[in-house]
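Remarks on the structure that follows.
We number each residue from 1, following the sequence as shown.
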Amino acid sequence: MAFSVVLHPAFLLAVLSLRASRSEVLEEPLPLTPEIHKVSFQLKLQEVNLEWTVPALTHEELNMIFQIEISRLNISNTIWVENYSTTVKREEAVRWNWTSDIPLECVKHFIRIRALVDDTKSLPQSSWGNWSSWKEVNAKVSVEPDKSLIFPKDKVLEEGSNVTICLMYGQNVYNVSCKLQDEPIHGEQLDSHVSLLKLNNVVFLSDTGTNINCQATKGPKRIFGTVLFVSKVLEEPKNVSCETRDFKTLDCSWEPGVDTTLTWRKQRFQNYTLCESFSKRCEVSNYRNSYTWQITEGSQEMYNFTLTAENQLRKRSVNINFNLTHRVHPKAPQDVTLKIIGATKANMTWKVHSHGNNYTLLCQVKLQYGGEVIHEHNVSVHMSANYLFSDLDPDTKYKAFVRCASANHFWKWSDWTQKEFSTPETAPSQALDVWRQVWSENGRRIVTLFWKPLLKSQANGKIISYNIVVENEAKPTESEHYCVWAPALSTNLSLDLQPYKIRITANNSMGASPESLMVLSNDSGHEEVKEKTIKGIKDAFNISWEPVSGDTMGYVVDWCAHSQDQRCDLQWKNLGPNTTSTTITSDDFKPGVRYNFRIFERSVEHKARLVEKQRGYTQELAPLVNPKVEIPYSTPNSFVLRWPDYDSDFQAGFIKGYLVYVKSKEMQCNQPWERTLLPDNSVLCKYDINGSETKTLTVENLQPESLYEFFVTPYTSAGPGPNETFTKVTTPDARSHMLLQIILPMTLCVLLSIIVCYWKSQWVKEKCYPDIPNPYKSSILSLIKSKKNPHLIMNVKDCIPDVLEVINKAEGSKTQCVGSGKLHIEDVPTKPPIVPTEKDSSGPVPCIFFENFTYDQSAFDSGSHGLIPGPLKDTAHQLGLLAPPNKFQNVLKNDYMKPLVESPTEETSLIYVSQLASPMCGDKDTLATEPPVPVHGSEYKRQMVVPGSLASPSLKEDNSLTSTVLLGQGEQ
């Protein structure tokens with residue numbers, strides 16, 4: 001009984017469990033098996049198209065999942081498995097596409113499919129259904145035994161893509177190798193006559209394509225291949241924008257990005273389509289970066305555009321939406337005019353394009369001068385507006401600009417509208433900044449006036465000239481006016497030492513500027529002040545000074561911008577009365593150049609007084625030039641070095657001294673010389689001359705007849721001057737030096753004597769050899785006087801001639817006198833001979849000669865006149881051949897007749913004949929009509945004495961009379 005009670009519940013539980021299990025099995029739906037109806041392919045796209053249905057579908061439509069499996073070569077080589085979800089309708093086919101990674105021509109593919117219900121309307125399915133039967137995909141391409149094929153043909157793909165090239169070759173072709181352009185590529189063998197070339201991440205090389213060439217090494221060696229057209233990747237449009245300028249059109253623009261066009265019509269340029277979602281309109285643009293959309297009046301304010309870029313390989317889209325009133329880009333203002341008001345004002349007016357009275361534009365106005373904006377202002381505008389420019393500069397060109405934008409919702413400014421205008425001239429408004437430079441020359445002052453050009457804003461027009469008025473303070477009513485034409489900035493004045501007032505003005509076509517006054521005192525240009533040395537910095541000098549007086553109007557610092565040039569280029573700087581220091585900066589300051597600064601004090605009377613001078617360098621350098629050394633004096637034991645022409649003021653630094661180097665074979669350096677080494681390791685003696693003023697040095701303690709070499713160089717704080725070659729000098733020997741000391745004084749004495757003799761030459765000549773012989777002054781008279789002979793001039797008895805010449809001989813009408821031999825005293829007649837008259841002049845005439853110690857050649861050279869002997873009354877006629885009669889008479893009266901008058905004697909009728917050679921006396925008739933030419937002799941040897949009444953003898957043409965003095969009766 002107990003057993004049955006326990007067994008009964010257990011049986012019931014088993015039965016219930018079995019019934020529940022049978023219930024679950026009966027409720028699960030039966031699996032659905034798809035049925036493939038069609039398998040097709042597109043070889044160009046390497047695409048397989050699959051089409052199937054699901055029989056025994058219990059519902060009108062169900063959501064199902066299909067699992068697709070693809071095998072290559074054989075059904076066991078699965079290469080692709082994909083789950084595809086879709087909604088299946090009763091009696092409708094399901095379509096699916098698959099793209100192969102290798103060309104479909106090269107290999108067979110197999111495909112099958114199974115399904116799984118995935119819908120809440122049906123009982124859930126726990127497992128996949130049955131597979132459909134396999135379907136084969138075969139392009140059925142055959143290859144001849146001696147040929148090869150390559151797939152795909154002329155494929156178009158994007159840069160960065162992967163591609164597989166398939167090679168198919170016949171039975172007689174083996175070992176095919178390929179190259180991409182010139183680079184070899186390696187493949188894998190798919191079967192005995194099919195191989196694959198896999199290219200990953202291909203790059204764009206050219207829009208004409210990339211070549212792949214192949215060739216077999218065994219079998220026919222024909223080259224075959226294909227072209228890959230690699231395109232740039234299509235980009236989505238950037239910076240898409242739409243705006244309106246007149247509420248009639250929308251101007252849309254974008255940046256298209258890279259061009260994906262390929263040649264050979266493989267791919268055209270990408271096209272762009274603009275679609276508006278609210279109006280359902282689509283428009284294709286004919287341009288690559290813009291499109292104009294026509295607005296339908298009153299249609300809408302909101303716009304939602306989608307811009308799509310598309311090429312053969314892909315599409316790219318971008319979206320933009322906006323309110324039309326927020327995208328207003330106004331047109332440029334129009335009818336802009338400018339009216340000039342005076343020299344400093346101008347009024348500008350303009351109009352804008354109307355968008356209704358309720359639409360306000362904000363316009364921006366700006367004024368430009370010299371490319372820079374000097375004024376800006378904003379103006380609200382409905383239809384038209386104006387703006388007044390003020391505070392303009394006279395005689396200035398300006399550009400006025402205006403542009404507008406929406407005042408309510410700013411989007412973009414319109415384009416600028418510009419207008420150029422010029423203001424008229426007016427008189428200069430600023431006085432000239434003037435300065436002067438003063439120096440003395442020949443008791444006068446030379447004043448150079450300088451002035452700086454006025455600024456554009458100060459000149460108020462083109463400066464034509466500068467007027468200068470010079471007023472003498474001593475004579476204020478008298479002034480001088482000068483005109484200097486522009487663009488000159490200086491002029492020279494020559495003034496005396498009186499104080500002056502100088503007024504300078506600048507002039508343009510409208511008038512003159514305020515005058516600049518400058519006063520020159522008596523001592524302007526003659527101030528003597530101290531000079532201070534300063535040290536500059538890189539491009540500047542810090543200058544300071546002590547104030548001099550309390551009534552100053554200010555200070556002026558001037559300097560030359562080019563200190564070492566002939567052109568001074570004077571610069572100056574005006575400073576206030578409370579300033580005692582300043583910094584002078586200039587781009588013209590250069591290292592190694594000395595600059596001289598002068599500080600002037602300007603009084604309230606406009607007088608400038610020099611108070612201090614300063615000089616310095618921005619940077620001192622070593623001297624660039626060594627002095628030219630001369631040796632004015634040398635001895636056996638020393639020599640002197642001098643360089644007086646070396647100007648230390650124009651060197652590259654302040655000369656602190658000179659270094660003198662001397663070297664010789666002995667190389668003995670006495671104090672204060674020191675032994676030193678040059679950079680080339682040569683040993684020599686050095687002497688340091690401290691100070692720039694000493695330019696002479698005596699080198700002592702030397703050896704006679706020795707060779708020395710010297711070299712002189714200056715030095716500054718930056719170092720010594722340049723190294724140059726040494727100059728050689730040899731000391732003289734001691735004996736030649738002593739001989740020179742003796743010869744030099746003697747030479748000086750001889751030169752002094754010659755100078756004195758030349759100075760007294762006229763006196764010596766008159767004393768020793770006068771031009772005209774004077775018997776009275778002759779030294780022979782001293783002998784006569786010593787004998788106290790009453791005959792002052794001559795007595796035949798007292799003269800013993802040493803030569804006798806016969807002048808006249810009583811042979812017919814001709815008489816010859818030839819001086820020869822000695823005359824004895826006994827042959828001389830004791831009485832004076834009878835002087836024949838003119839009628840009887842052919843008688844014999846004695847000739848007596850004596851020595852004359854006072855005559856020499858110089859008397860002849862001085863121009864003594866030769867006179868023909870004869871009666872005194874005939875002298876004039878006969879002397880016409882040789883000399884004028886009046887001169888001859890004067891000579892007789894002045895020099896010779898006087899002593900004869902003082903000593904009357906019975907022999908005063910003698911005639912003195914002085915000659916160089918023996919005269920030949922001939923017929924009177926044969927006397928030459930031309931004066932004979934005197935024959936030079938060594939000296940005057942003889943003098944002959946003839947009676948005064950002797951007639952003139954006839955002279956032959958070859959005879960020469962040199963000098964004859966006639967003493968006749970009655971002419972004493």
Side-chain angles (χ1 to χ4, degrees), residues 40-50 68 70 79-80 82-86 95-105 151-166 180-181 196-212 226-242 252-277 280-291 293 304-321:
S40 62
F41 49 83
Q42 300 182 46
L43 298 179
K44 186 177 181 179
L45 300 178
Q46 298 182 195
E47 185 177 271
V48 175
N49 301 314
L50 182 64
I68 305 167
I70 299 175
I79 60 168
W80 187 270
E82 179 181 338
N83 292 335
Y84 173 65
S85 298
T86 186
R95 294 175 180 84
W96 176 80
N97 300 324
W98 173 72
T99 302
S100 174
D101 58 336
I102 65 173
L104 297 176
E105 297 92 337
F151 300 101
K153 291 287 188 180
D154 302 336
K155 184 175 180 60
V156 177
L157 67 161
E158 280 187 337
E159 184 179 26
S161 302
N162 301 329
V163 64
T164 300
I165 306 298
C166 173
L180 178 66
Q181 294 295 86
L196 301 178
L197 302 176
K198 292 185 177 180
L199 301 178
N200 298 324
N201 194 22
V202 293
V203 296
F204 173 84
L205 297 179
S206 172
D207 59 359
T208 59
T210 304
N211 295 323
I212 297 178
T226 187
V227 178
L228 295 181
F229 289 93
V230 182
S231 166
K232 291 284 187 178
V233 178
L234 179 65
E235 298 176 352
E236 71 177 24
K238 297 181 178 61
N239 299 326
V240 181
S241 174
C242 294
C252 297
S253 61
W254 58 88
E255 295 179 9
V258 65
D259 187 0
T260 62
T261 304
L262 295 175
T263 57
W264 309 110
R265 297 183 181 182
K266 293 299 179 180
Q267 180 170 269
R268 297 182 180 274
F269 183 79
Q270 60 266 30
N271 56 55
Y272 292 89
T273 303
L274 194 64
C275 294
E276 204 282 312
S277 61
K280 307 298 182 181
R281 287 172 54 191
C282 287
E283 303 285 346
V284 178
S285 174
N286 295 326
Y287 303 96
R288 59 177 296 183
N289 59 353
S290 64
Y291 184 75
W293 184 275
N304 184 14
F305 283 107
T306 300
L307 179 63
T308 302
E310 182 180 4
N311 65 7
Q312 182 177 331
L313 300 175
R314 70 167 66 226
K315 293 181 180 181
R316 293 290 181 94
S317 298
V318 64
N319 184 263
I320 179 177
N321 59 81

Just how far is it from atom [atom1] of [X] to atom [atom2] of [Y], taken to the nearest 0.5 Å?
X: Lys155; Y: Lys44; atom1: NZ; atom2: NZ; result: 10.0 Å
X: Arg314; Y: Thr260; atom1: CZ; atom2: OG1; result: 10.5 Å
X: Ile102; Y: Phe151; atom1: CD1; atom2: CZ; result: 12.0 Å
X: Thr86; Y: Trp96; atom1: OG1; atom2: CH2; result: 13.0 Å
X: Ile320; Y: Leu307; atom1: CD1; atom2: CG; result: 9.5 Å
X: Glu158; Y: Asn311; atom1: CD; atom2: CG; result: 6.5 Å

Please answer whether the main-chain N or O of [Y] pairs with a side-chain N or O of [X] as donor and acceptor at a distance below 3.5 Å.
X: Glu47; Y: Trp98; value: no
X: Thr99; Y: Leu45; value: no
X: Ser285; Y: Thr273; value: no
X: Asn319; Y: Phe305; value: yes
X: Glu283; Y: Trp293; value: no
X: Glu276; Y: Arg281; value: no

| request: Begin from the C-alpha positions of Asn97 and Val48 and carry the test side-chain contact (heavy atoms from CB on, under 4.5 Å) through to its verdict. | output: CA-CA 6 Å; Asn97 300 324; Val48 175; over 6 Å; no
Give the minimum heavy-atom separation between [X] and [Y], together with the two atoms involved.
X: Arg288; Y: Gly257; result: NH2-O, 3.4 Å
X: Trp254; Y: Pro237; result: CD1-CB, 4.1 Å
X: Leu234; Y: Ala309; result: CD2-O, 3.6 Å

| said: Quick one, Leu43 with Lys153, criterion side-chain contact (heavy atoms from CB on, under 4.5 Å). Give me CA distance, side-chain angles, the key distance, then yes/no. | reply: CA-CA 10 Å; Leu43 298 179; Lys153 291 287 188 180; over 6 Å; no
May I ask you to test the [X]-[Y] pair for a side-chain heavy-atom distance under 4.5 Å?
X: Asp259; Y: Gln270; value: yes
X: Leu197; Y: Leu180; value: no
X: Asn211; Y: Gln181; value: yes
X: Gln267; Y: Phe229; value: no

Side-chain donor-acceptor contacts of residues 201-210 below 3.5 Å, not counting sequence neighbours, with atom names and distances?
residue: Ser206; atom: OG; partner: Thr208; partner atom: N; Å: 3.2
residue: Ser206; atom: OG; partner: Thr208; partner atom: OG1; Å: 2.8

| What residues, two or more places apart in sequence or in another chain, satisfy salt bridge (Lys or Arg N to Asp or Glu O under 4.0 Å) together with Glu255? | none
| said: Do Thr308 and Ser317 pair up side chain to side chain, a donor and an acceptor below 3.5 Å, judged on atom types alone? | reply: yes
| field | side-chain contact (heavy atoms from CB on, under 4.5 Å) between Thr226 and Asp154, intermediate numbers included | value | CA-CA 6 Å; Thr226 187; Asp154 302 336; 4.2 Å; yes
